[in-house]
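Throughout, numbering of the chain's residues begins at 1 and tracks the sequence. As the structure is a computational prediction, the values presented were derived from the model and not from experiment.
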Amino acid sequence: MSESDTVEETSTSNQNASSSDDGPKQVDSPNYHSENHTAAQTCGWTANALRGEGKCYKNIFYGIESHRCIQMTPVVKCNERCVFCWRDHRGHSYELGDVEWDDPEAVVDASIRLQRKLLSGFGGNDDVPREIFEESMEPRHVAISLDGEPTLYPYLPELIEAFHDRDITTFLVSNGTNPEMLAKCNPTQLYVSVDAADRATFDRVVRAVDDDAWEKLIDTMDVLAEKEDTRTVLRTTLVGGENVANPDWYAGFYERADPDFVELKAYMHVGHSRGRLDRSAMLDHEEVVEFTEKVQEYMPDHDVLKQVPASRVALLSKTEDTWVPKLKKDSEFWARDSVTGEWKKTN
């Protein structure tokens, strides 16, 4: 499962999503808003940003504006059963054969409608400046990562382009089990989860449904190495007592993909993962940084280490400037008026 970066930050966690083997019950959960197979849910950092109470670490690392970011998925189904996942795996136990897929434009429309509905209540909140609220109604980023494995949506490359056509940057998170699909995808930034550096740990921690998932993940590293116009990120959820070992093996695995960035983040003891893991599996931030520094010793090209203690995450980078270029404050990307959609006049 492609963990969403926001497991501890989702405003209303999906802890009560009851499900059975007869369908994608998580989509019907009151904790998700959905239209057909498209689901969305706000991140806690979105609410914080609206109230001026801080932004997600992805703002610090990459320049994403938290109050203008949609967290969504085009498919609530996953082909992995990660022990650290906060979702209810039973919600993924259904077949895709009978799904009537919406076209990409419909998914984009649904995502924007759902985001506006989710945030509509902030319009009457005295702690939210009116300008900031109006900006949130005009999202500029989408994290395709809420739940499930997005490469199972058959029109994912076209969906990414449809978002780009709306001036919305795309941040795609995948578990790397569909390298052929990922080769066709060119999001603003592509994340692939690498939660083990050897097959035995992978089988124990990731518990993939398909027997060839490990081999597919290796193939995906080669796909990432070929990406030229897409920023690539490898991300590892560190689970104490499970996969925090052999930093040199991780470094070797990472190097095969030649990523722009490597994120290492602590597992968070929330949601359904609490039935699989003890709270002691959640590392302190200092432990995350310590392991990251050990990995960095074997990755001399990634000589920049950044960290955000509040999210228990560390970043390895080839460069100090890690922001997406178009998200810098003086770029043309921000020249379009957030409410009218018209381009602002520049000198």
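- The hydrophobic clustering, which links ILVMFWY residues whose side-chain heavy atoms are closer than 4.5 Å, places Met137 and Leu114 apart.
- Rounded to the nearest 0.5 angstrom, Thr177 OG1 and Glu180 CD are separated by 10.0 Å.
- Taking CD1 from Ile70 and OG1 from Thr170, the interatomic distance works out to 11.5 Å, rounded to the nearest 0.5 Å.
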**OP:** Determine, stepwise, if the pair Arg312 / Glu286 fulfils salt bridge (Lys or Arg N to Asp or Glu O under 4.0 Å).
**Re:** CA-CA 8 Å; Arg312 307 191 191 199; Glu286 292 74 17; over 6 Å; no
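- Ion pair Arg116/Glu138 flagged as a salt bridge, since at least one NZ, NE, NH1 or NH2 atom sits closer than 4.0 Å to an Asp/Glu carboxylate oxygen.
- Annotation: salt bridge (Lys or Arg N to Asp or Glu O under 4.0 Å) contacts of Glu290 (sequence neighbours excluded): Lys294.
- With sequence neighbours excluded, no residue satisfies side chain to side chain donor-acceptor pair (under 3.5 Å) with Asp303.
- Taking a 6.0 Å sphere around CG of Asp211, one finds it holds 12 or fewer heavy atoms contributed by other residues, nucleotides or ligands.
- The line from CD1 of Ile132 to CD of Glu65 is 8.0 Å long, rounded to the nearest 0.5 Å.
- Taking hydrophobic clusters as Ile, Leu, Val, Met, Phe, Trp and Tyr residues chained together by side-chain heavy-atom distances below 4.5 Å, Leu277 shares a cluster with Val270.
- Neither side chain, His302 nor Gln296, offers a donor N or O lying under 3.5 Å from an acceptor on the other.
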Throw together a table of side-chain donor-acceptor distances under 3.5 angstrom for residues 219-227, partners on residues two or more places apart or in other chains.
from, atom 1, to, atom 2, distance (Å)
Thr220, OG1, Gly176, O, 2.6
Thr220, OG1, Lys216, O, 3.1
Asp222, OD1, Arg256, NE, 2.8
Asp222, OD2, Arg256, NH2, 3.0
Lys227, NZ, Leu182, O, 2.8
Lys227, NZ, Ala183, O, 3.3
Lys227, NZ, Cys185, O, 2.5

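- Remark: Glu215 pairs with Arg199 by the salt bridge (Lys or Arg N to Asp or Glu O under 4.0 Å) rule, at least two apart or across chains.
- A salt bridge links Asp147 and Arg87; the closest N-O separation between the charged side-chain nitrogens and carboxylate oxygens is under 4.0 Å.
- Rounded to the nearest 0.5 Å, atoms CG (Leu283) and NE2 (His269) are 13.0 Å apart.
- Under 4.0 Å is where a charged nitrogen must lie from a carboxylate oxygen, and between Lys184 and Glu158 no such pair does.
- Considering CG of Asn79 and CG of Asn178, their distance stands at 8.5 Å, rounded to 0.5 Å.
- Using a 4.0 Å cut-off between charged side-chain N and carboxylate O, Glu35 and Arg113 make a salt bridge.
- For the pair Arg276 and Phe84, the cation-pi test (distance below 6.0 Å, angle within 45°) is failed.
- Side-chain contact between Val192 and Val233 is absent, with no heavy atoms from C-beta onward closer than 4.5 Å.
- With hydrophobic clusters built from ILVMFWY side chains whose heavy atoms lie under 4.5 angstrom apart, Val83 does not share a cluster with Val209.
- To the nearest 0.5 Å, atom CE of residue Met72 and atom OG of residue Ser111 are 3.5 Å apart.
- Applying the side chain to side chain donor-acceptor pair (under 3.5 Å) rule to Arg204 yields the partners Glu242; only residues at least two apart in sequence or on another chain are considered.
- Pairs engaging residues 120-160 under the ring pair (Phe, Tyr, Trp, His ring centres under 6.0 Å) rule: His37-Tyr153, Trp101-Tyr153, His141-Trp334, Tyr153-Tyr155 [sequence neighbours left out].
- Contacts of Arg279 classified as salt bridge (Lys or Arg N to Asp or Glu O under 4.0 Å), with partners at least two apart in sequence or in another chain: none.
- When the side chain to side chain donor-acceptor pair (under 3.5 Å) test is applied to Gln189, the partners found at least two apart in sequence or on another chain are Tyr191, Arg231.
- Checked against side chain to side chain donor-acceptor pair (under 3.5 Å), Asp330 has no partners two or more places apart in sequence or in another chain.
- Salt bridge absent: Asp195 and Lys265 never bring a charged side-chain N and a carboxylate O closer than 4.0 Å.
- Glu161 meets the salt bridge (Lys or Arg N to Asp or Glu O under 4.0 Å) test with no other residue; sequence neighbours excluded.
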When the side chains of residues 244-254 are checked against the rest of the protein, which donor-acceptor pairs come out under 3.5 Å, sequence neighbours left out?
from, atom 1, to, atom 2, distance (Å)
Tyr250, OH, Asn243, O, 2.7
Tyr254, OH, Thr236, OG1, 2.6

May I have the list of side-chain donor-acceptor pairs in residues 319-327 shorter than 3.5 Å, sequence neighbours left out?
from, atom 1, to, atom 2, distance (Å)
Thr319, OG1, Asp321, N, 3.3
Asp321, OD2, Lys328, NZ, 2.5
Thr322, OG1, Phe61, O, 2.5
Thr322, OG1, Lys306, NZ, 3.2
Trp323, NE1, Asn59, O, 3.3
Trp323, NE1, Ile60, O, 3.2

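- For the 3.5 Å distance criterion, the side chains of His33 and Gln41 fail to qualify, holding no donor opposite an acceptor.
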